[in-house]
Chemist: 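I have a structure I would like to understand better, so I am pasting it below and will then ask my questions one at a time.
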Amino acid sequence: MKDDHERTVLAVAVLASFVTFLDGSIVNVALPDIARDLDGGVTLQAWVVDAYLLTLGSLMLVAGSLSDTFGRLRILTAGLVGFAATSLLAALAPTGELLIVARALQGMAGALLVPSSLALITSTFSGAAMGRAIGTWTAWTGTAFLVGPLAGGILVDTVGWRWVFGIVVLPVAATLALVARLPQDAHRGTDGHAYVDGLGAALAALGLAGPVFALIEGQRLGFDDPVVLAALTVGLVCLVAFVLWERRARHPMMPLRLFQVRSFAVGNLATIGIYAAIGLGTLAIPLLVQEVAGLSATVSGLVLLPPTLISLALASRVGAAAARRGPRWFMTIGPLVVAAGFLWMLSVREPVDVAWQVVPGVVLFGLGITITVTPLTSTVLAEVHPAEAGIASAVNNAISRVAGLVAVAFIGVITGGVLDVDGFHRIVVVVAALLAAGALVSAVGLRSVRAPAEGPSGAAGR
């Protein structure tokens, strides 16, 4: 019975996060068709991506608190139902403006899913078993993140871009069926009174929205436009106010004390560079294949298939190895392998030879990210008390989404508003630099962090 329960918990955690990551990646290959169909350009493409990441990243912290307070499965169920409804709304959106609104609502629902799913794992498994479980979670959720372009490309080329959003309803329905098999009160975090840090959530959302608006709209309006400058100023002020508020709030949505745990602090700092690079790189590759090489959406998805296969084959093994030997070298070498893959793509020239100039780099990208992600996730949660697993995983996932959000918002600045070969090369250099920074943080910051000790909670040093 215990094995059946653990398998069901792991399946629920994987599927719940799968739909969130799938929706974050499947849309990338559909952006050119969306822009043509809804009469939009680079600005619409950026907002379709960032509207989702904005609400996902800013509200995930609140979702983590809700998960710890009301129970993982209750919050998970609410997120799944909301995600299905907003996915259908995005699929039916008649204008670009309504699609952007639907994407923002999708992000709100998606924010409820990832913290609860990871907290389910950390409250069910311990020690090396937790490392293997997180490795499996990483492999399959990473598959969603990477296979999304392939699935999206096939849908775009056959039935149209709207099915990119509508198809998400199927895994949501499967997840809800599995959730019904689990006891609703078996995965509760704390027993305290419900409290939502409304002011903190508002400051975080405004603090992120302001700079993102400035970066995206600055390309169209000009960075000296009063509206752009006002948005940037308000956003930065709100971010500072958010940190100050979280220091004094009785029930903060982002407990700053978590950053006193060395592995948590270092892991999140490395997350910034690594996930900013992933977000920027995985957006640029499909656009290069379609808009510069002139190939189909399906081909652009096939180009990103090798990382999916590598992740499925190796992620759980990497997780178990990192649990035995410690995360430092995995989190140092992995980002450097990814960086090498992107630097290979500096060989891109017109006419683009995708098979030689792009695919080998993508294979290295898949190998490096598989080496990196499972140890990174385990490191962030290893020394956090199980009762705070929901908010801890929420902080890490919020940081990773925000890193991608800001990186995508910068794409117009990096490329000068046009994704040609020179613009792609500039993206590659920025991505490699971000990955090198993540590797350096891991190498220096994790010197004293060892493999997590076997224990009832699966946490070391607690």
Side-chain angles (χ1 to χ4, degrees), residues 128 130-131 134-135 138-139 142 145 258-282 307 310-311 314-346 361-384 392-393 395-404 406-407 427-453 458-462:
M130 186 176 73
I134 291 178
T138 301
F145 188 74
L258 290 174
F259 291 92
Q260 296 174 3
V261 178
R262 183 179 181 84
S263 62
F264 183 83
V266 173
N268 278 293
L269 188 58
T271 292
I272 294 173
I274 293 168
Y275 275 89
I278 293 173
L280 188 58
T282 55
I310 294 170
S311 179
L314 299 179
S316 60
R317 296 181 184 180
V318 170
R324 293 192 304 269
R325 301 177 182 178
R328 184 188 178 199
W329 289 113
F330 294 88
M331 289 173 58
T332 301
I333 295 172
L336 295 178
V337 174
V338 180
F342 277 97
L343 289 175
W344 177 281
M345 298 181 212
L346 287 175
V362 172
V363 171
L364 286 174
F365 163 53
L367 178 61
I369 209 64
T370 302
I371 294 171
T372 304
V373 172
T374 301
L376 174 58
T377 304
S378 299
T379 297
V380 167
L381 298 178
E383 297 180 357
V384 174
S393 62
V395 170
N396 180 244
N397 278 279
I399 288 173
S400 66
R401 298 315 132 207
V402 168
V406 175
I427 290 175
V428 164
V429 172
V430 171
V431 167
L434 289 168
L435 289 162
L440 179 61
V441 167
S442 301
V444 175
L446 297 178
R447 283 180 298 181
S448 61
V449 176
R450 300 179 179 180
R462 300 291 296 186

Chemist: Holding to side chain to side chain contact (heavy atoms under 4.5 Å, CB included), I want the full list of residues that pass it with Ala437, two or more places apart in sequence or in another chain.
Modeler: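 If we apply the side chain to side chain contact (heavy atoms under 4.5 Å, CB included) test to Ala437, skipping adjacent residues, there are no hits.
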
Chemist: Looking only at non-hydrogen atoms, find the nearest pair between Leu434 and Ala276 and report the distance.
Modeler: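 It is CD1-CB, 3.9 Å.
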
Chemist: Could you pull out the closest heavy-atom pair between Ile274 and Pro335, with the gap in Å?
Modeler: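 Closest approach of Ile274 to Pro335: CD1-CG, 3.8 Å.
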
Chemist: In chain order, what residues pass the side chain to side chain contact (heavy atoms under 4.5 Å, CB included) check against Val429, with sequence neighbours excluded?
Modeler: Leu346

Chemist: Can you list everything that forms a side-chain hydrogen bond (donor to acceptor under 3.5 Å, both in side chains) with Thr271? Sequence neighbours excluded, please.
Modeler: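 Testing Thr271 for side-chain hydrogen bond (donor to acceptor under 3.5 Å, both in side chains), a comparison that skips the adjacent residues, returns Asn396.
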
Chemist: Run the side chain to side chain contact (heavy atoms under 4.5 Å, CB included) test against Leu280 and tell me which residues pass, sequence neighbours left out.
Modeler: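 Listed in chain order: Ala407, Ile411, Ile414, Ile427, Val430, Val431.
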
Chemist: What I'd like to find out is whether the side chain of Pro307 reaches to under 4.5 Å of the side chain of Thr370, using heavy atoms alone.
Modeler: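 They are not in side-chain contact.
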
Chemist: Is the shortest side-chain heavy-atom distance between Phe259 and Val395 below 4.5 Å?
Modeler: yes

Chemist: Taking Gly445's backbone N and O only, do any of them form a donor-acceptor pair with Arg262's side chain (distance below 3.5 Å, no angle check)?
Modeler: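 Flag set: sc Arg262 to bb Gly445 pair under 3.5 Å.
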
Chemist: On a heavy-atom basis, which atom in Leu336 and which in Ala436 lie closest, and how many Å separate them?
Modeler: CD2-CA, 4.4 Å

Chemist: Go through the steps to decide whether Leu314 and Leu367 satisfy the test side chain to side chain contact (heavy atoms under 4.5 Å, CB included), and finish with yes or no.
Modeler: CA-CA 9 Å; Leu314 299 179; Leu367 178 61; 4.1 Å; yes

Chemist: I'd like to check the ring pair (Phe, Tyr, Trp, His ring centres under 6.0 Å) partners of Phe342; sequence neighbours left out, ordered by chain and number.
Modeler: Phe365

Chemist: Which pair of heavy atoms, one from Leu343 and one from Ala432, lies closest together, and at what distance?
Modeler: CD2-CB, 3.7 Å

Chemist: Can you list the residues that meet the side chain to side chain contact (heavy atoms under 4.5 Å, CB included) rule with Ser442, with sequence neighbours excluded?
Modeler: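 Counting only residues at least two positions away or on another chain, Ser442 forms a side chain to side chain contact (heavy atoms under 4.5 Å, CB included) with Ala270, Met331, Thr332, Leu446.
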
Chemist: When you compare the side chain of Val266 with that of Thr379, does any pair of heavy atoms fall below 4.5 Å?
Modeler: no

